[in-house]
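In the text below, chain A, chain B and the rest are named by the order of the sequence lines, each starting its count at 1. This one's a predicted model, so the numbers in the text were calculated from it and none came from an experiment.
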Amino acid sequence: MALDPERNEGYAGVIVYAWPEMHIIEKSSAILPLKFPYIPGLLSFREIPVLGKAIEELEIEPDLFFVDGQGIAHPRSMGIACHLGLLLEKPTIGCAKSLLYGSYKKPGQKRGDSEPLYSKDKKVIGQVLRTKLSCNPLFISPGHLIDLETSVEWVLRVLDGYRLPKPTREADAFVGELKREGRK
DNA sequence: GCGACAG
DNA sequence: ATCTTGTCGC
């Protein structure tokens with residue numbers, strides 16, 4: 001998702017890939033006024049309306065979603081990946097670029113190195129995963145209908161040499177283009 | 001009371 | 001999220 005502060009609008013983008021070829025088979029986007037502010041822990045209320053609209057436009061029903069944000073690695077175990085998964089009734093993986101909640105030990109520097117992310121009551125709620133040599137790790141946590149181990153496996157499977165998984169990285173670039181066109 | 005705080 | 005060129009490290 002991308003933002004246009006001036007117009008207070010959110011740009012959501014979704015890209016569907018064929019597995020295991022990983023070529024794009026469909027793209028969709030949506031632009032809507034934002035009706036909720038950004039409050040850490042309440043990201044769902046701000047982004048799901050826009051993300052939901054972009055996903056509704058799809059002709060294909062994806063079998064798995066990589067979501068930009070946390071899954072159960074959340075103060076109430078309800079990150080945006082959980083919310084989206086419940087609404088769609090589809091498996092979702094939370095793939096965040098930074099920490100929202102939990103504690104962890106710094107993982108090794110090699111690609112694939114990881115350390116568990118713990119909640120306040122010392123339960124494993126995610127995995128801090130190094131997706132590229134010497135780059136900041138990603139915070140992976142299950143959203144809906146998937147477990148942590150499988151979530152990490154899928155993220156590693158769709159990495160293609162960059163820090164962010166291919167779906168996330170290309171969807172980001174996609175909304176970035178839309179925003180440039182939109183504000184011209 | 002103080003610090004932390006997805007996008 | 002976003003503002004943004006050059007720059008440091010692997």
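Cation-pi geometry between A:K27 and A:F174 is met: under 6.0 angstrom from the ring centre, within 45 degrees of the axis.
Contact annotation for A:L133: backbone-only contact, meaning every heavy-atom pair under 4.0 Å involves sugar-phosphate atoms and none involves a base. A:Q70 comes within 4.0 angstrom of a nucleotide base, judged by non-hydrogen atoms across all strands. The residue A:G41 sits close to a base: some heavy atom pair falls under 4.0 Å. Residue contacts shown for A:I48 are absent, as no nucleic acid heavy atom lies under 4.0 Å away. A:L99 comes within contact range of the sugar-phosphate backbone alone, with a heavy-atom separation under 4.0 Å but no base atom that close.
B:dA6 atom C1' lies 15 Å from atom CG of A:N136, rounded to whole Å. To the nearest angstrom, P of B:dC5 lies 15 Å from CZ of A:R76. Per the geometry, CD belonging to A:Q127 stands 20 Å off P belonging to B:dA6, to the nearest Å. Rounded to whole Å, atom P of B:dA6 lies 6 Å from atom CG of A:L100. Distance CZ (A:F45) to P (B:dG7): 18 Å, rounded to an integer number of Å. Here the P atom of nucleotide B:dA6 and the CG atom of A:L117 are 13 Å apart, to the nearest Å. Distance, A:L84 CG to B:dG7 P: 15 Å, rounded to whole Å. Distance A:M1 CE to C:dA1 C1': 9 Å, rounded to the nearest Å.
Taking 4.0 Å as the cut-off between side-chain N and carboxylate O, A:D172 and A:R169 do not count as a salt-bridged pair.
Comparing atom distances between the A:A2 side chain and each of B:dA6, B:dG7, C:dT2 picks out C:dT2 as nearest. Here C:dA1 is the nucleotide among C:dA1, B:dA6, C:dC10 with the atom lying nearest to any side-chain atom of A:K97.
In terms of phosphate contacts, A:S98 brings a side-chain nitrogen or oxygen within less than 4.0 Å of OP1 or OP2 of B:dG7. Contact annotation: A:K179 reaches the phosphate of C:dT2 (side-chain N/O to OP1 or OP2, under 4.0 Å).
Centre separation under 5.5 Å together with a plane angle under 30° holds for the ring of A:Y38 and the six-membered base ring of B:dG7, marking them as stacked.
No side-chain N or O of A:Q127 forms a donor-acceptor pair with one of A:Y104 less than 3.5 Å apart.
Note on ring orientation: taking the six-membered ring where Trp is involved, the planes of A:F36 and A:F45 are tilted (angle from 30° to 60°).
Contact detail for A:P142 and A:C82: the closest heavy-atom pair is O-SG, 4.0 Å.
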